[in-house]
Protein chains: 2
Amino acid sequence: MYRNLMYICFRKEIALQLVMIKNMKNSQLYKGSLNTIIMKLLEENGKMYGYEITQKVKAITSGELNITEGALYPALHKLEAEGILDVEMEKVDNRMRKYYKLTEKGTTETVNRLSELEDFIRNMQSLVNPSPKLEF
Amino acid sequence: MYRNLMYICFRKEIALQLVMIKNMKNSQLYKGSLNTIIMKLLEENGKMYGYEITQKVKAITSGELNITEGALYPALHKLEAEGILDVEMEKVDNRMRKYYKLTEKGTTETVNRLSELEDFIRNMQSLVNPSPKLEF
DNA sequence: TCCTATACATAATACTATTAGGTATTTAAA
DNA sequence: TTTAAATACCTAATAGTATTATGTATAGGA
């Protein structure tokens with residue numbers, strides 16, 4: 001019964017597509033949180049390069065959140081233009097890397113963003129879980 | 001010293017504007033969560049009308065989240081077009097109200113959305129708070 | 001050899017939300 | 001009593017972000 005489906009699924013292209021669908025399922029909710037994620041990771045790790053950020057996020061969220069490059073790079077450029085990030089080029093293994101780190105302004109701004117994120121999460125939990133069960 | 005500022009602030013228009021600024025601070029993060037919020041509120045309250053939803057959200061979030069009408073009404077119309085919501089007109093005090101409620105499909109879909117929201121919140125907390133303090 | 005992974009980037013498109021209007025009734029305040 | 005605010009719906013122009021689909025280029029494994 002499911003042989004044909006199994007066979008089809010094992011074909012690389014379709015398997016990859018299934019992985020994409022799985023990972024993309026809740027992308028809508030992540031809209032607007034990219035900058036906060038980038039800034040928090042940089043606050044924690046000092047300096048990071050773009051590709052590293054995508055991999056780190058994927059690892060932390062067990063593959064559930066995949067930052068697309070089309071979103072990441074423009075976001076990094078914009079944060080740099082706003083004076084939130086500083087950039088520093090480095091050549092590793094003949095490949096170019098652009099390391100980003102928080103400026104002083106960026107560090108201050110990160111504190112604000114994180115407190116906003118806490119408010120956001122608290123509010124969303126209030127909306128979704130209106131009568132929290134108290135546990136003793 | 002602050003007399004002039006106080007005077008200015010007590011002028012209605014500017015006072016209102018200051019409230020707006022306070023409430024708008026973290027709007028970026030809420031992008032993408034509107035549909036989930038609407039669906040959850042309807043799941044909980046059976047049926048609601050648009051204006052009621054904005055007031056309910058404002059109340060639950062202590063005024064921190066104000067759903068704009070330009071976002072709410074198009075969202076409701078779209079959910080209706082997708083078969084997630086049913087609509088029912090009612091005239092109260094000579095004013096028209098459009099009550100929305102979840103369809104069967106909408107109820108099923110709400111379960112999915114809420115589990116996606118839980119994943120989202122969990123992932124965001126992992127990103128922001130990488131080493132959670134265990135409390136016993 | 002060819003595909004995957006690494007590492008950057010951008011252009012076209014889609015989607016969502018904000019801003020800023022509009023209509024109309026009821027109620028509270030000045 | 002006139003005015004403003006609250007209630008209740010709506011949409012169009014604009015802004016902003018993300019997805020999708022490309023492109024370039026090097027390194028390494030099947």
Side-chain angles (χ1 to χ4, degrees), chain A residues 11-13 15-17 19-21 23-38 48-59 65-82 87-100 120, chain B residues 11-13 15-17 19-21 23-38 48-59 65-82 87-100 120:
Chain A
R11 283 174 53 199
K12 254 179 312 208
E13 298 81 2
L16 267 172
Q17 219 169 337
V19 169
M20 294 284 283
I21 290 163
N23 290 337
M24 295 306 195
K25 62 171 179 177
N26 49 0
S27 53
Q28 215 52 235
L29 288 165
Y30 293 92
K31 279 175 194 283
S33 55
L34 181 55
N35 286 350
T36 306
I37 291 172
I38 292 172
M48 297 179 84
Y49 55 100
Y51 186 77
E52 189 185 6
I53 292 174
T54 65
Q55 299 311 301
K56 191 84 179 178
V57 168
K58 202 184 289 183
L65 175 55
N66 286 294
I67 294 180
T68 58
E69 296 176 319
L72 177 68
Y73 292 112
L76 288 172
H77 300 160
K78 202 186 172 198
L79 288 172
E80 190 193 346
E82 287 169 351
V87 71
E88 189 187 316
M89 305 287 285
E90 207 171 302
K91 202 164 193 174
V92 179
D93 286 329
N94 214 33
R95 261 198 238 97
M96 196 55 76
R97 281 183 188 169
K98 284 181 77 173
Y99 278 98
Y100 290 90
F120 168 67
Chain B
R11 283 174 53 198
K12 258 177 308 209
E13 298 83 2
L16 267 171
Q17 219 169 338
V19 169
M20 294 285 282
I21 289 163
N23 290 338
M24 296 306 197
K25 61 173 181 177
N26 50 358
S27 54
Q28 215 50 234
L29 288 165
Y30 293 92
K31 279 176 195 284
S33 55
L34 181 55
N35 285 350
T36 306
I37 291 172
I38 292 171
M48 297 179 84
Y49 56 98
Y51 187 77
E52 189 185 5
I53 292 174
T54 65
Q55 299 310 302
K56 191 84 177 176
V57 168
K58 202 185 290 186
L65 175 55
N66 285 296
I67 295 180
T68 58
E69 297 178 321
L72 177 68
Y73 291 112
L76 288 172
H77 301 160
K78 202 187 172 198
L79 288 172
E80 190 193 346
E82 287 169 353
V87 71
E88 189 187 316
M89 305 287 285
E90 206 172 303
K91 202 163 191 172
V92 179
D93 287 328
N94 214 33
R95 261 198 237 94
M96 196 56 77
R97 282 183 187 170
K98 283 180 75 173
Y99 279 97
Y100 290 92
F120 167 67

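Proteins come first, then strands; the chains are lettered A, B, ... in the order of their sequence lines, and each starts at number 1.
- Of the candidate nucleotides C:dA5, C:dA17, C:dA9, C:dA5 has the atom nearest to the side chain of A:Tyr51.
- Across all strands, A:Lys78 comes closer than 4.0 Å only to sugar-phosphate atoms, never to a base (heavy-atom distances).
- Contact annotation: B:Lys31 side-chain N/O to D:dA18 OP1/OP2 distance is not under 4.0 Å.
- With D:dA18, D:dA8, C:dA7 as the choices, the nucleotide that has an atom nearest any side-chain atom of A:Arg97 turns out to be C:dA7.
- Of all nucleotides listed (C:dT6, D:dA8, C:dT10), C:dT10 comes nearest to the side chain of A:Tyr73.
- The side chain of A:Thr68 sits closest to D:dT19 out of C:dT18, D:dT19, D:dA8.
- Proximity note for B:Asn94 (side chain, C-beta onward) versus D:dA8, D:dT11, C:dT26: the nearest is C:dT26.
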(request) Start with the C-alpha gap between B:Glu82 and B:Leu79, add the side-chain angles, then the distance that decides, and say whether side chain to side chain contact (heavy atoms under 4.5 Å, CB included) holds. (result) CA-CA 5 Å; B:Glu82 287 169 353; B:Leu79 288 172; 3.8 Å; yes
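- For D:dT11, the OP1/OP2 oxygens have a side-chain nitrogen or oxygen of B:His77 closer than 4.0 Å.
- Residue-level contact check: B:Gly50 touches the backbone only, with heavy atoms under 4.0 Å from sugar-phosphate atoms and none from bases.
- Contacts of B:Tyr99 classified as side-chain hydrogen bond (donor to acceptor under 3.5 Å, both in side chains), with partners at least two apart in sequence or in another chain: B:Arg97.
- Between B:Leu65 and the choices B:Leu29, B:Leu34, B:Ile37, the side-chain contact (heavy atoms from CB on, under 4.5 Å) rule is met once, by B:Ile37.
- Listed nucleotides: C:dA9, C:dT26, D:dT17. Nearest to the side chain of B:Gln28: D:dT17.
- Residue A:Glu69 is in base contact, counting any heavy-atom pair closer than 4.0 Å across all strands shown.
- Residue contacts shown for B:Arg95 include a base, since a base heavy atom lies under 4.0 Å away.
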